[in-house]
Amino acid sequence: MSNDKRVVVKGGGHNLYKISEYGGWFHVYHVDVGFISNSNTGIGKTRSLADALDLIKSHSGEDIQEIT
């Protein structure tokens with residue numbers, strides 16, 4: 001079972017991110033949605049979910065719209 005979180009930020013375009021937790025770290029990825037498959041680009045890792053969300057807000061320049 002995956003423990004990944006899908007994060008959508010406000011605004012259009014490239015607004016999908018993923019947070020994966022392992023080894024006590026939250027790894028943050030920007031997801032580029034493709035026609036056949038998606039590609040993930042790592043943007044950093046943090047020790048807390050709150051810091052991971054702050055990293056996404058900083059990277060995107062937008063507020064969080066949805067976390068699933």
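Sequential numbering from 1 along the given sequence is applied to the chain's residues.
- The CD1 atom of I64 sits 8.5 Å away from the CG atom of D54 when rounded to the nearest 0.5 Å.
- In this structure the side chain of T41 never reaches within 4.5 angstrom of the side chain of D32, judged on heavy atoms.
- At distances below 3.5 Å, at least one donor-acceptor pair connects side-chain atoms of N15 with backbone N or O atoms of V9.
- The cluster map of Ile, Leu, Val, Met, Phe, Trp and Tyr, joined by side-chain heavy atoms under 4.5 Å apart, puts V8 and V31 in the same cluster.
- K10 NZ to S60 OG: the interatomic distance, rounded to the nearest 0.5 Å, is 11.0 Å.
- The NE2 atom of H27 sits 9.0 Å away from the CD atom of E21 when rounded to the nearest 0.5 Å.
- In this structure, H59 and Y17 have perpendicular ring planes: the angle between them is above 60°, well past the 30° mark.
- Residue I67 comes nearest to K5 through the heavy atom pair CG2-CD, 4.2 Å, listed as atom of the first residue, atom of the second, then distance.
- For the pair N38 and G34, the tightest heavy-atom approach, listed with the atom from each and the gap, is OD1-N, 3.3 Å.
- Under the 4.5 Å side-chain criterion, counting only non-hydrogen atoms from C-beta, F26 is not in contact with R47.
- Summarising the geometry, atom CD1 belonging to I43 is positioned 10.5 Å from atom OH belonging to Y29; distances are rounded to the nearest 0.5 Å.
- With rounding to the nearest 0.5 Å, the separation of CD1 in I19 from CG in D4 is 9.5 Å.
- Residues E66 and R6 form a side-chain contact, since some pair of their non-hydrogen atoms from C-beta on lies under 4.5 Å apart.
- Heavy-atom minimum distance, V28 versus A52: CG2-CB, 3.7 Å.
- In this structure, W25 is not a member of the same hydrophobic cluster as L49, with clusters built from ILVMFWY side-chain heavy atoms closer than 4.5 Å.
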